[in-house]
Amino acid sequence: MNRILLGVSISFFTIRFAAGQASEPTYNYDEAKVGTYTLPDPLRMTNGKKVTTKGEWAKRRTELLQLFADNVYGQTPNQSVRLRFQTTHTEPNALGGKAIRKQVSIFFADYPKLQPIDVVLYVPKAAKKPSPVFLGLNFCGNHCITNESDVPLSTRWMTNAIGEVSVNSRATEKSRGMQARRWPLDTILARGYAVATAYYGDIEPDYPQGWQTGIRSVLGDTTKATNWGAIGAWAWGMSRMLDYLQTEPGIDSKRVIAFGHSRIGKAAAWAGAQDERFAAVVLNESGEGGAALARRWYGETVERINTSFPHWFCKQYKSYNKRVAELPIDQHELLALIAPRPLYVASADGDQWSDPKGEFLGAVGAEPIYRLYGKTGLGTTTFPAIDQPVGQTVRYHDRTGKHDVTNYDWEQYLRFADELVR
Ligand code: GTR
C-alpha cells in the first residue's frame, strides 16, 4: 500500500511535469556523472573565522539555523502558542493488554478555528518507570498505523492518490492498519519504548493550498520569501507533540527520539536541528531536503523537489533551483545541528531517488562537530556494504529493498536507542 501511495504520487507529479514541459528531464543515477562540488565548512563562520571551541560552535549553530531558515525551510515563527491538551480516550488494555493507549488532542487556544493535532500514544504496560519514546508523524491518520478497530478514523483531508482507501479526500475504513507494518508496535513496546504519533495532515494537509487550513494560516507571513513551508510546519508540530509529552507522567521526556520517513524524515531532521529537547533523531530515507547532500547531482534534485512540491520549502529555496552550488549551506550542516546527540541516517538500496550515498556523505560531513564534543560520529568515510550498519554516535545503513520502513530498519533503530538513548 505504501508503495502505491508513493508510486501514485510520483507518477501524478511526473504526468504534471511532463504536461508542462516538452519532455521529462532525466535524473542522474550514474556515480561517474555526479561531478565535483565544494561543501561549505560547518566549522567556519560566515565571516571566515574558524570555529575551534564548543562556545564558538554555539554561535555558528545559531548562524546555521538562521541560514537554513532563510534559504531552505523558512523561518519558524518564534511566538509561543497557548496549547490545551485534552485526553479524549484512554484504553488500559490496548494491543492485547501490552499497552496503555491514550488519544490526546492538542488544541490551539489562541486559534479556536484551527483543528487540533490528534495524538495517539502507546505506553508499555510493563514499564516500571517513565518510558523513552519514539515520536513521529504518520502519512495516513492514526487509524492507519494500527489494526485496532477502536482508534477513530481520521476525518481530515487525505490524498485520493491511494485509491479506495480514501474517497473524496477522506479516509475510509479500508485504510485501517494500512501502514501498521511500518509501525511494529508490539516489537517497539516489548523493547520498552513508547510510541507517539499524529497524522502530518493535522498540522498541514500536504498539497500546495493546504496551508490555508493548517497552522501556517495563522502563523508566519505568506508574503515573505523566507516564510516557513510545510516541512517547517510539520517540524513545528513535532515540537508541540513534545510539549505535550513533557506533561505526560508515563513518558521520560528527556528521552524523546524524533523519527520520520521520507518527507516526514525531512521534517524530523529540521525538528531535531531546531529543538534540542529531542534526545536523538532517526531519519529513514529522508533524501533530498533531508540527509542527502543538495550539491550532489544524483536522484532527486533541488529543482525537482521545489517543482513537484512547491509548498514544502520557503520561496527563497526555489531561487537555488539552477544554482545549487551557491547555497550558503548544505545538508551535512543540518545533521551537524543535531550534534552531539545520537543520530541515525538510513537509506535503502532500492531507493536511489533518495541518493543513499548522498545521505551517507551528509552524515560524514557532520563528523567534525561530533569530534568537537569528544565523540565519534560515523567514524568512517567508507560507504558500507548493503545491510552492514556502521557508526557510533552517528549511525548509517543502506538496506536491501525499496523506499519503505521495514522490520530491519526498526531492529537497527531499537539497538541504537538501547545503546545511546537509554
Ligand atoms: C517523493 C519525493 C521525496 C520523498 C517521497 C516521500 O515523491 O520526491 O522527496 O519525500 O516523496 O515522502 O515518500
Side-chain angles (χ1 to χ4, degrees), residues 1-18 24-29 72-73 136-141 144-145 158-162 165-166 178-179 181-183 197 199-201 203-208 210 229-235 237-238 259-271 282-294 296-313 317-318 320-321 324 331 334 345-348 350-359 362 399 401-406 409:
M1 212 47 98
N2 302 331
R3 201 180 43 179
I4 295 172
L5 168 62
L6 185 65
V8 172
S9 73
I10 283 178
S11 57
F12 167 75
F13 285 109
T14 307
I15 292 160
R16 213 183 60 161
F17 210 102
E24 169 81 7
T26 51
Y27 294 96
N28 180 42
Y29 290 110
V72 184
Y73 304 102
L137 298 169
N138 66 67
F139 279 91
C140 45
C144 91
I145 68 123
M158 203 69 65
T159 177
N160 278 336
I162 33 182
V165 295
S166 172
M178 175 172 92
Q179 292 195 342
R181 199 180 43 77
R182 283 186 179 182
W183 297 84
T197 186
Y199 172 47
Y200 80 137
I203 305 155
E204 173 167 335
D206 189 4
Y207 61 98
I231 289 174
W234 299 325
M238 290 180 73
F259 160 73
H261 169 61
S262 207
R263 65 195 72 185
I264 296 173
K266 307 178 206 304
W270 182 224
V282 174
L283 308 177
N284 195 88
E285 296 150 40
S286 57
E288 189 74 29
L293 294 177
R296 262 175 62 85
W297 184 50
Y298 194 101
E300 191 167 25
T301 62
V302 170
E303 180 171 20
R304 168 62 189 248
I305 204 165
N306 276 329
T307 308
S308 302
F309 307 103
H311 54 299
W312 282 4
F313 300 90
Y317 197 40
K318 296 188 178 68
Y320 294 98
N321 282 355
V324 176
Q331 297 304 113
L334 181 71
V345 174
S347 309
D351 177 25
Q352 293 295 314
W353 184 242
S354 293
D355 186 10
K357 182 114 187 263
E359 295 180 311
R399 157 177 70 67
K402 64 185 174 63
H403 188 61
D404 198 359
V405 189
T406 68
D409 296 319

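It should be emphasised that the depicted structure is a prediction, and the values quoted were computed from it without experimental measurement. Order of listing sets the numbers, starting from 1, for every ligand and every atom in it. What you see below is based on every heavy atom in this structure, not just the backbone, and it leaves out hydrogens, waters and symmetry mates.
A distance-only check finds no donor-acceptor pair linking the side chain of Lys266 to the backbone of Gly287 [under 3.5 Å]. With hydrogens and angles disregarded, a donor-acceptor distance shorter than 3.5 Å links the side chain of Asn28 to the backbone of Trp297. Not one N or O on the side chain of Gln179 forms a donor-acceptor pair closer than 3.5 Å with the backbone of Ile145. Checked by atom type and distance alone, the side chain of Asp206 never pairs as donor or acceptor with a backbone atom of Gly201 at under 3.5 Å.
At a 4.0 Å heavy-atom cut-off, ligand 1 touches Ile305 through the side chain alone. Only the side chain of Trp312 comes within 4.0 Å of ligand 1, judged by heavy-atom distances.
When the salt bridge (Lys or Arg N to Asp or Glu O under 4.0 Å) test is applied to Glu285, the partners found at least two apart in sequence or on another chain are Arg399. Judged as a ring-ring contact (aromatic ring centres under 6.0 Å, His included), and not counting sequence neighbours, the contacts of Tyr200 are Phe139, Trp234.
Ligand 1 does not have Arg304 within reach: every non-hydrogen atom of the residue lies 4.0 Å or more from it. In this structure, Glu285 falls outside the shell of residues with a heavy atom less than 4.0 angstrom from ligand 1.
For ligand 1, the polar-atom distance check against His261 finds no nitrogen or oxygen pair separated by under 3.5 Å. The N/O atoms of Trp353, backbone and side chain alike, include one that comes under 3.5 Å of an N/O atom in ligand 1. Annotation: Glu288 places no N or O atom under 3.5 Å from an N or O atom of ligand 1; distance criterion only.
Between His261 and His403, the two ring planes are tilted [angle within 30° to 60°].
Listed by atom number, the atoms of ligand 1 under 4.0 Å from His403 heavy atoms are 6 (C), 13 (O).
Around atom 5 (C) of ligand 1, the closest heavy atom drawn from Ala292, Ser262, Gly289 belongs to Ser262.
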